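Below is one structure, written out as structure tokens, with a few remarks after it.
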Amino acid sequence: MYRCGLLTPEKEPVPLKSIEVELQVRDHVATVVSTLSYDNKEDKPIEAVFVFPLPGDAAVCHFSATVGQTQIVAEVKEKQQAREEYDDALSSGQQAFLLEESDQSPDIFSLSVGSLPPGESASIRLEYVTELAVQADDGLRFCLPAVLNPRYQPRGSEGPSVEVTSVPASQVPYTLSFSARLSSPRPISKVESSSSLDPLQFLNAEQTQATVKLAAGHKFDRDVELLVYYKDAHQPSAVVEAGQASAEPGSLMGDPVVMVSLYPDFPQTVMSSVASCGEFVFVLDRSGSMDCAVNNTNPEQTRIANARDTLLLLLKSLPMGCYFNIYGFGSTFEHIFPESVEYSEKTMEEALKKVEGMQADLGGTEILQPLKHIYNQPCVPNQPRQLFVFTDGEVWNNKEILHLVKENASSHRCFSFGIGEGASSALINGLAKEGGGHAQFITGADRMQTKVLQSLRFALQPAVVDISVTWDLPKGVSATVLSPPITAIFHGQRSLVYAQLTGQSSEAAEGCVTVKYSLAGHPSQSRVKFSLKAVDTGLTVHRLGARSLIRSLKMQKRGGGETPEEVKKRVVELSVQSGVSSAYTAFVAVNKGNNETIQGPLVRRNVETPGMMMAYSMPKLKKCRRAGGGSPRNRAVLIECYEAAEPPQPKQPCKDPFLQLVSLQKASGCWLLDSALAAALGKTSEEVEKPKPAPVSQDVWATVLALIWLHGFKMDIKEEWELLAMKSVSWLRAQNAPCVKECLEAANKLLGCSVQEASLGL
């Protein structure tokens with residue numbers, strides 16, 4: 001075993017001293033203001049470079065610097081022009097500041113503070129807006145990424161990677177303070193976090209406003225995650241935001257922009273039934289980084305071990321009649337079957353044996369080739385393809401991967417899972433958005449099994465097709481949609497639509513937007529009425545709308561129509577007009593107010609970012625290499641050392657009674673009455689066999705015992721076993737077994753439970 005990460009050749013002074021983050025949440029939209037304080041203690045001028053993560057869908061809308069009494073507000077300019085202005089300023093001895101999005105991934109930014117004189121301090125203010133993702137339990141998730149993991153880039157691949165200087169979290173030399181202010185039309189019920197928080201402070205009697213702070217002593221070993229829960233959560237709504245008074249009427253920033261939030265509600269008949277068909281392809285990251293702990297509170301529970309347990313539950317929860325396959329990927333990839341096979345007792349057991357032996361032993365993180373292999377396989381007729389991708393998200397070629405998923409979006413749905421701290425939000429959210437699925441992040445004390453089984457429920461819902469959006473507006477008012485087309489709708493999950501409203505109407509006028517779709521062959525719709533009276537909310541909605549339109553244009557670039565250069569020109573114009581950064585633009589500020597030239601050679605200092613140190617299990621080899629290239633701004637310094645690995649230890653028998661019980665279930669949904677079942681229930685064989693009612697068969701009795709035990713002892717994780725229990729109940733019904741009530745009474749008495757027949761769904 002060895003440790004690997006991005007390393008600096010020697011210890012260098014780091015000028016970043018503190019980061020202060022203020023979060024403002026209005027309903028499901030967040031505004032984040034970060035203030036970074038720099039202090040040059042050296043005897044020569046420096047250039048400080050800080051590479052850091054942001055949410056992949058964030059709209060960065062303000063960047064300024066304060067040096068002494070002077071504030072310099074940055075402007076958005078075409079990226080190459082911004083870089084040249086920055087370099088020219090440094091060459092002439094001026095102070096300059098540059099903020100740019102990575103060319104490879106929209107969730108990595110680089111901040112350059114140039115020509116900071118000896119003894120001088122500088123304060124950088126960075127502001128962005130983002131939407132909060134809805135979780136399966138109705139919570140709204142905000143994540144402040146603190147951890148930036150090295151992105152794996154294979155040898156020989158083209159393109160520069162991002163320069164990152166990464167150290168263990170315990171050695172980060174700057175401090176972080178974090179506070180949040182929450183407001184909503186509905187009362188706030190609670191706020192949860194993977195980090196320690198001070199108690200929630202309500203600001204009014206209605207409990208619609210509150211503040212919360214990060215507790216003292218935060219360690220940089222995890223992202224700061226907030227889960228916000230409202231009472232009567234997620235009602236359809238619309239906000240019309242007034243345009244900028246100084247902007248030209250008819251332009252995006254001059255006209256009002258509406259943000260519509262829809263929460264489709266599927267009929268109970270659809271929600272209570274699950275599909276009995278589908279091709280389920282599980283794609284598991286088996287790179288070395290998957291040998292890391294999921295969280296720091298339980299270092300023995302590795303990501304790969306958690307994934308194995310999750311695959312067990314997934315395989316037991318699949319419906320009879322479906323098809324499935326499992327892929328593992330690293331520097332190479334493997335699959336259990338040459339092609340997807342029909343789900344049966346034989347194929348399930350064969351897959352489970354392979355899953356038990358899966359280790360994090362396939363090297364780097366190269367997901368592109370297995371995805372290409374999957375998409376080249378013909379789909380099984382009448383079995384909708386559902387792709388489940390599990391990864392810690394440490395890849396370098398996000399754009400290429402997402403382009404591939406988008407190209408194949410019509411043939412499948414993609415459900416993605418980011419495992420551990422530092423997983424790329426751009427990759428995980430992008431896979432789900434482009435693949436018409438749902439994204440989940442597993443961090444801190446989250447149970448991977450719960451979140452994955454929630455997504456399996458989504459995958460088993462009928463696919464929504466024929467989605468269309470129509471607007472009903474007063475005469476003289478028109479809507480120009482800014483969002484990409486809606487490609488997926490799930491029960492209770494938010495769909496957002498942004499539109500620019502052009503034209504005049506009375507303040508009392510109303511508009512209406514309708515999303516129509518077909519669900520399980522039945523026409524359905526969700527409708528929201530809204531007032532056209534525009535409110536001033538600080539251009540938050542405009543900036544999110546601009547970011548949404550930039551994403552639409554980039555999708556258009558991949559899909560044809562305009563030439564790439566024409567699309568790039570439109571994105572640059574939109575980015576400059578709205579003040580929102582993009583892949584083709586950057587923020588640049590030059591301090592022209594100080595006529596003094598900064599003397600002396602400029603020394604570059606890379607500010608260290610917290611990274612999870614990774615324990616890898618690799619094939620037997622020993623080598624070190626340093627990968628690099630490109631200009632100083634995008635050069636990567638990566639030193640990797642591989643030591644001879646210890647042979648993997650044999651897998652210990654499953655000791656968790658829950659997983660032990662689940663592992664014994666047959667593909668049909670039943671259990672067998674044997675000593676293994678007795679052990680999982682904490683009984684002897686004689687104790688479980690003796691109370692069996694005489695007319696009842698052994699497998700019916702065993703299945704009832706298992707269901708009673710799950711309902712009696714594991715209701716806290718019901719989402720993890722609900723689907724496999726539904727399969728068991730269907731199997732019991734098909735047996736038309738006698739003496740069901742007598743069976744239930746005997747099972748309850750044996751296990752010390754009081755589960756009612758209605759609870760089982762019999």
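Position 1 is the first residue of the sequence, and the numbers go up from there. Treat the numbers as computed from the prediction; the structure is a model and nothing was measured.
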Q: Check the pair Cys414, Val389 against side chain to side chain contact (heavy atoms under 4.5 Å, CB included), reporting the backbone distance first and the verdict last.
A: CA-CA 7 Å; Cys414 183; Val389 178; 4.1 Å; yes

Looking at side-chain heavy atoms only, is the closest gap between [X] and [Y] below 4.5 Å?
X	Y	answer
Gln386	Phe415	yes
Ser424	Asn398	yes
His62	Arg543	no
Asn325	Ile336	yes

Side-chain donor/acceptor of [X] to backbone N/O of [Y], under 3.5 Å:
X	Y	answer
Arg494	Leu132	yes
Ser575	Val571	no
Arg286	Asp361	no
Ser331	Gly364	yes

Q: Classify the angle between the aromatic ring planes of Phe282 and Phe390 as parallel (below 30°), tilted (30 to 60°) or perpendicular (above 60°).
A: tilted

Closest non-hydrogen atom pair between [X] and [Y], with its separation:
X	Y	result
Thr302	Met290	CB-O, 4.2 Å
Phe388	Ala459	CZ-CB, 3.8 Å
Ile428	Ala439	O-CB, 3.8 Å
Leu54	Ser425	O-OG, 3.9 Å
Ala546	Val580	CB-CG2, 4.4 Å
Ala360	Ser287	CB-O, 3.3 Å

Q. Does the distance from a Lys or Arg side-chain N to an Asp or Glu carboxylate O, for Arg303 and Asp285, drop under 4.0 Å?
A. no

Q.
What I want to find out is whether Lys354 reaches Glu334 closely enough, with some N-O distance under 4.0 Å, to be called a salt bridge.
A. no

Q) Please walk me through it: do Tyr86 and Ser112 pass side chain to side chain contact (heavy atoms under 4.5 Å, CB included)? A) CA-CA 9 Å; Tyr86 176 80; Ser112 301; 3.2 Å; yes

Q: Establish, yes or no, whether a centroid distance under 6.0 Å links the rings of Phe97 and Phe587.
A: no

Q | Residue Glu573 excluded, over 12 heavy atoms near CD under 6.0 Å | A | yes

Distance (rounded to the nearest 0.5 Å) between [X] [atom1] and [Y] [atom2]:
X	Y	atom1	atom2	value
Thr585	Glu101	OG1	CD	7.5 Å
Glu434	Thr487	CD	OG1	8.0 Å
Gln135	Gln440	CD	CD	6.0 Å
Thr480	Leu252	OG1	CG	9.5 Å
Ser102	Asp107	OG	CG	8.0 Å
Asn382	Glu279	CG	CD	12.0 Å

Q.
Checking Tyr327 now: which residues fulfil ring-ring contact (aromatic ring centres under 6.0 Å, His included) with it, not counting sequence neighbours?
A. His335, His373

